Amino acid sequence: MEILQIKDLSFKYPEAEKKALDCVNLSVRKGDFVLLCGESGCGKTTLLRLLKKEIAPFGEKTGEIIYNSVFEESDKNETSHTGFVGQNPDEQIVTDKVWHELSFGLENMGVEKSRIRSRVGEMASFFGIHNWYHSNTDELSGGQKQLLNLASVMVMNPDILLLDEPTSQLDPIAASDFIATLHKLNRETGLTVILVEHRLEEVFPVADKVITMHDGRILFFDEPKKVCKLMKGGPLEAGLPSAVRIFNALCEEGECPLTVRDGRNFIENYADKASACSIGKHTLKGEKAIEVKNLWFRYEKNLPDVITDLDFGVTEGEIVSILGGNGSGKTTMLNLLAGLDKPYKGKIKLFGKNINNYKGASLYRRNIALLAQNPKLVFQKDRVDDDFSAALKTMEIPVSEHKDLIEKTVRRFGVEQLLHRHPYDLSGGEQQKCALCKLLLTEPKILLLDEPTKGFDAQSKQTLAKMLTELKADGKTIVIVTHDVEFAAQISDRCALFFDGKIISDGTPNSFFSGNTFYTTAASRISRGVFKDTVLCEEVIRCCKGENV
């Protein structure tokens, strides 16, 4: 039975030149797990928000959105029967206590107290929240906050759950647990799930249907394995699960594997070629751009240390990726390197000079720049191009040179069409691209990037990887904090694991990821025991063909 129908739906934002959605037709059956994917800015988030009228964007809409008769009783029922979980866990939490957050929606619906206690208790037990039920919401990790958002929506017993990149700020383990929870809810309760996601590795195998969007239109809507074949050779193929990409590169026919287990079974046919494959070793020598010695930091005197005896160094022209769980201290480390926070013990040197000796704004003038997790913090003006001009004025660049510099920078990311838009009207991926462009206009020698691929589709990641490689060739030093293990494996000279306030291990991507069980790539899991130290799909494919990497 269909629970949702969309007929000839089009939507255009105010003052926009083109439609965000163009004649979308779609029907979703009750109990389906639907994955919605596509490049950044293709209309995924717009479509998802239009399905819940309380958060629908303002603009010109035509067409119909028809729900099952369960919504016809009252607006209150429509509100409760369609749940929504967004990208940023902090933006959806409205109370100070976990227990109050769980009951908040029911209280607003006027549900009686005894019923609230029963439903909240059941939901807290199901999600494993009972251990932190009385905690303050601002003390939770990113994974706990997102789980709380999901639970606070589920306590209202929705029939349709809409999720907009809910794992974008979660570490690999928390993201895997979150997707597993969604799958369990879908299978055990019959909940209809419509999920917008760029991290497809673990979602494709559990989805019933996959929608692929491009330029405001639906390209494909079918079962995952069929969509995988349809996407072969297209611009979105790079975002498919690793097992699918390896299969597509090696086979023309047959049923493609979706999971790590099936991918391993597939490549075992090539095990006899393992001896012909070897992984090249890469080393980088030069002066230190960043030196950290015996660093200690806490936010308040009576609070525990967040950074504990940290020793860390980055060579000029090196790209280093830092991975680790939510709340482990990675972002705090970046803030210390950027001079936004001050350690109470230890030293930080940039290009051999103590960070405390950079006076005034000299630290940020062609020396160092930080892209924070929330790209909105970068913007100060009502238009993207005005924000870019403001950055160049700060650098005392003549106004006559602004246009050429801006055009040259935005061309790298293909965001020319966004220059006249308000930064807050952009999608998450578009905001991230424009924020990074603004930082590059300041010509820093050191780039600190906190989750730079958040909200990026596979093609945008490739564009970013190409840009970072070019910046490295220009002598730039780049430190990346990320949960995106696939991107880190592709782009980095060195990867490190942050735990308990310090870096506990590091190495080249091949040695680092091959030694990890959970903080590793899907390609590494697929090829482990078949080929040695392969961590990228391209490496596995070449080894399967008997070629050296």
Side-chain angles (χ1 to χ4, degrees), residues 30-31 33 48 52 54-55 70 76-197 202-203 206 304 325-328 483 518:
K30 185 176 177 62
F33 192 121
L48 202 70
K52 188 169 177 63
E54 294 83 8
I55 59 172
V70 73
K76 180 192 290 186
N77 280 334
E78 184 177 333
T79 300
S80 64
H81 283 293
T82 306
F84 182 89
V85 178
Q87 296 182 30
N88 192 335
D90 292 304
E91 289 183 355
Q92 201 161 335
I93 294 175
V94 295
T95 67
D96 60 342
K97 294 288 185 181
V98 170
W99 65 267
H100 196 188
E101 187 70 23
L102 287 169
S103 60
F104 184 77
L106 296 175
E107 289 172 349
N108 279 274
M109 290 168 57
V111 178
E112 59 184 40
K113 288 186 178 180
S114 61
R115 185 63 179 149
I116 291 176
R117 284 195 294 268
S118 174
R119 288 170 70 171
V120 167
E122 179 188 35
M123 206 55 61
S125 297
F126 177 85
F127 284 97
I129 291 175
H130 52 280
N131 293 325
W132 35 281
Y133 182 74
H134 295 285
S135 299
N136 295 326
T137 53
D138 61 0
E139 296 173 351
L140 305 180
S141 69
Q144 288 174 323
K145 287 178 180 178
Q146 199 64 302
L147 196 63
L148 175 60
N149 284 334
L150 178 59
S152 64
V153 169
M154 289 305 302
V155 77
M156 292 187 285
N157 196 27
D159 289 303
I160 299 178
L161 180 62
L162 311 172
L163 303 105
D164 188 10
E165 296 187 52
T167 68
S168 64
Q169 298 193 42
L170 303 184
D171 63 70
I173 296 173
S176 179
D177 290 344
F178 190 88
I179 296 300
T181 301
L182 287 181
H183 187 218
K184 184 177 181 181
L185 285 169
N186 172 253
R187 292 294 181 260
E188 295 187 4
T189 69
L191 174 70
T192 303
V193 177
I194 303 177
L195 170 67
V196 170
E197 188 57 77
E202 296 181 45
V203 185
V206 302
N326 291 99
S328 61
H483 294 314
F518 300 106

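Computed from a prediction, not measured in an experiment: that's the story for all the values here. Any value given below was found using the heavy atoms of this structure, including those in side chains, with hydrogens, waters and symmetry copies removed.
- Between the side chain of Gln146 and the main chain of Pro166, a donor-acceptor pair closer than 3.5 Å is present.
- The CG atom of Leu161 sits 6.0 Å away from the CG atom of Leu150 when rounded to the nearest 0.5 Å.
- Looking at Asp96, its side chain never comes within 3.5 Å of a backbone N or O of Thr137 through a donor-acceptor pair.
- Residues Val203 and Glu197 come closest through the heavy atom pair CG2-CG, 4.1 Å.
- Counting heavy atoms from C-beta outward, Lys30 and Asp159 have side chains that approach closer than 4.5 Å.
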Worksheet item: Which is it for Val193 and Leu185 under the side chain to side chain contact (heavy atoms under 4.5 Å, CB included) test, yes or no, and what are the steps along the way?
Response: CA-CA 9 Å; Val193 177; Leu185 285 169; 5.9 Å; no
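- Side-chain N or O atoms of Thr192 include none that pairs as donor or acceptor with a backbone N or O of Ile160 at under 3.5 Å.
- In this structure, Gln169 and Gln87 approach most closely via the heavy-atom pair NE2-O, 3.9 Å.
- Residue Lys145 holds its NZ atom at 11.5 Å from CG of Leu170, rounded to the nearest 0.5 Å.
- Residue Pro158 comes nearest to Gly83 through the heavy atom pair CB-N, 3.8 Å, listed as atom of the first residue, atom of the second, then distance.
- Taking each heavy atom of Leu140 and Ser135 in turn, the nearest pair found is CD2-CB, 4.2 Å.
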Worksheet item: Could you walk me through whether Phe127 and Leu148 pass the side chain to side chain contact (heavy atoms under 4.5 Å, CB included) check?
Response: CA-CA 8 Å; Phe127 284 97; Leu148 175 60; over 6 Å; no
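- For the residue pair Val111 and Ile116, the shortest heavy atom distance occurs at O-CD1, 3.3 Å.
- We find the CD-CG distance between Glu165 and Leu195 to be 9.0 Å, quoted to the nearest 0.5 Å.
- Between the Asn149 side chain and the Pro89 main chain, a donor and an acceptor come within less than 3.5 Å of each other.
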May I have the list of side-chain donor-acceptor pairs in residues 171-183 shorter than 3.5 Å, sequence neighbours left out?
from, atom 1, to, atom 2, distance (Å)
Asp171, OD1, Ile173, N, 3.0
Asp171, OD1, Ala174, N, 2.9
Asp171, OD2, Asn326, N, 3.0
Ser176, OG, Glu202, OE1, 2.8
Thr181, OG1, Asp177, O, 2.9
His183, NE2, Arg187, NE, 3.3

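- Between the side chain of Gln92 and the main chain of Phe84, a donor-acceptor pair closer than 3.5 Å is present.
- A donor-acceptor pair under 3.5 Å is formed between the side chain of Glu101 and the backbone N or O of Thr95.
- Summarising the geometry of Leu102 relative to Ala151, their closest heavy-atom pair is CD2-CB, 3.7 Å, with the distance given to 0.1 Å.
- A distance of 10.5 Å separates OG of Ser103 from NZ of Lys113, quoted to the nearest 0.5 Å.
- Between Val98 and the choices Asn136, Ile93, Ile129, the side chain to side chain contact (heavy atoms under 4.5 Å, CB included) rule is met once, by Ile129.
- Every pair tested for side-chain hydrogen bond (donor to acceptor under 3.5 Å, both in side chains) that includes a residue from residues 115-134 fails, sequence neighbours excluded, so the list is empty.
- In this structure, the side chain of Asn186 engages the main chain of Leu191 through a donor-acceptor pair within 3.5 Å.
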